[in-house]
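Values below: all heavy atoms of this structure, side chains included; hydrogens, waters and symmetry mates excluded. Everything quoted here is computed from the prediction, not taken from an experiment.
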Amino acid sequence: MDEFPTWLTATLASDATEGQGVLPNTILPLQSALCVVGPARVVLISQDDNLAVRKVLEVPPAPGSVLVVAGGSTSRAATIGSLMALEMQNAGIAGLVTDGLVRDSREIRESGFGVWCRGVTPMAPHWVGPAYIGGSISLGAQSSRTATWSLPMMTVW
């Protein structure tokens, strides 16, 4: 999607989907004023590991896609840092949504790249895998509410 419809609000999107795909309130934006709409590219990471994110960036999704990374709900290490965020931006990825943590949050905010995450950490991830790209994922598995995607579209406020 090249343009975000100005009339579309989070309330309307939630009502239209009967609440399906709404992020749990444990996943918040690094910058509150950003929103993204685009086809979702889903990735499943292992705890404290981001090999799957590295693998998806080897053949990035179509420009305008939203990278949705699950599996980090219990991780203590970062899903991405500022270098990977910059690589995503340069590849045309519209934003990142993860139930994991990110590092270099100040640099990511300053870059203007849209990130929704569980929180921040200085801890670097491992790169051992396994790496799962595509399929169906659930975000926020540790929370009382989960968001599950098997359809290829993502809207985030």
Side-chain angles (χ1 to χ4, degrees), residues 1-6 8-10 13 21-73 75-140 147-157:
M1 246 180 143
D2 292 333
E3 257 182 64
F4 186 78
T6 56
L8 185 58
T9 65
V22 173
L23 292 173
N25 61 6
T26 56
I27 300 173
L28 300 170
L30 284 181
Q31 295 183 39
S32 60
L34 294 180
C35 62
V36 294
V37 175
R41 179 72 176 271
V42 298
V43 176
L44 180 62
I45 60 173
S46 301
Q47 183 172 346
D48 297 327
D49 190 291
N50 77 345
L51 181 66
V53 178
R54 292 180 166 278
K55 290 292 184 189
V56 82
L57 289 176
E58 289 175 7
V59 181
S65 295
V66 178
L67 190 59
V68 183
V69 181
S73 64
S75 288
R76 294 178 347 128
T79 301
I80 69 160
S82 62
L83 294 177
M84 288 185 85
L86 180 60
E87 190 174 343
M88 289 177 188
Q89 250 184 322
N90 290 339
I93 295 172
L96 168 79
V97 178
T98 182
D99 58 359
L101 305 169
V102 299
R103 59 193 257 164
D104 309 322
S105 58
R106 181 177 50 107
E107 291 87 349
I108 294 171
R109 279 186 198 102
E110 289 172 358
S111 76
F113 184 64
V115 172
W116 288 257
C117 61
R118 181 171 50 92
V120 298
T121 183
M123 188 180 291
H126 303 287
W127 307 329
V128 294
Y132 301 103
I133 300 168
S136 224
I137 56 143
S138 291
L139 286 180
T148 303
W149 283 275
S150 54
L151 298 173
M153 184 59 91
M154 178 77 187
T155 304
V156 184
W157 278 267

Partners meeting side chain to side chain donor-acceptor pair (under 3.5 Å) with Gln47 (sequence neighbours left out): Thr74
pair Phe113-Leu34: side-chain heavy atoms closer than 4.5 Å: no
Asp48 side, atom CG; Ile45 side, atom CD1 - distance, nearest 0.5 Å: 8.5 Å
Heavy-atom closest contact (Asp99 atom, Gly71 atom, distance): OD1-N, 3.2 Å
Qualifying residues under side chain to side chain contact (heavy atoms under 4.5 Å, CB included), relative to Leu44, sequence neighbours excluded: Ala70, Tyr132, Ile137
Any donor-acceptor pair under 3.5 Å from Arg118 side chain to Ser75 backbone: yes
For Ser82, all residues meeting side chain to side chain donor-acceptor pair (under 3.5 Å), sequence neighbours excluded: Asp104
Glu107: salt bridge (charged side-chain N to carboxylate O under 4.0 Å, His left out) partners, not counting sequence neighbours: none
Counterpart residues, side chain to side chain contact (heavy atoms under 4.5 Å, CB included), relative to Leu28 (two or more places apart): none
Backbone N/O of Gln31 and side chain of Arg109: donor-acceptor pair under 3.5 Å: no
Asn50 side chain to Trp127 side chain, donor-acceptor N/O pair below 3.5 angstrom: yes
Over all atoms of both residues, closest heavy-atom pair of Ser46 and Pro130: OG-CD, 3.0 Å
Minimum-distance pair of heavy atoms, taken over all atoms of Ala94 and Gly64: CB-O, 3.6 Å
Sole candidate of Ile27, Val97, Ile108, Val102 that passes side-chain contact (heavy atoms from CB on, under 4.5 Å) when paired with Cys117: Val102
Donor-acceptor contact present, side-chain Thr121 to main-chain Ala78, <3.5 Å: no
Gln89 side chain reached by Leu86 side chain, heavy atoms, under 4.5 Å: yes
Residue pair Gly38 / Val66: nearest heavy atoms and the distance that separates them: N-CG2, 4.0 Å
Leu67: partners by side chain to side chain contact (heavy atoms under 4.5 Å, CB included), with sequence neighbours left out: Arg41, Val43, Val53, Val56, Val69, Met88, Ile93, Leu96
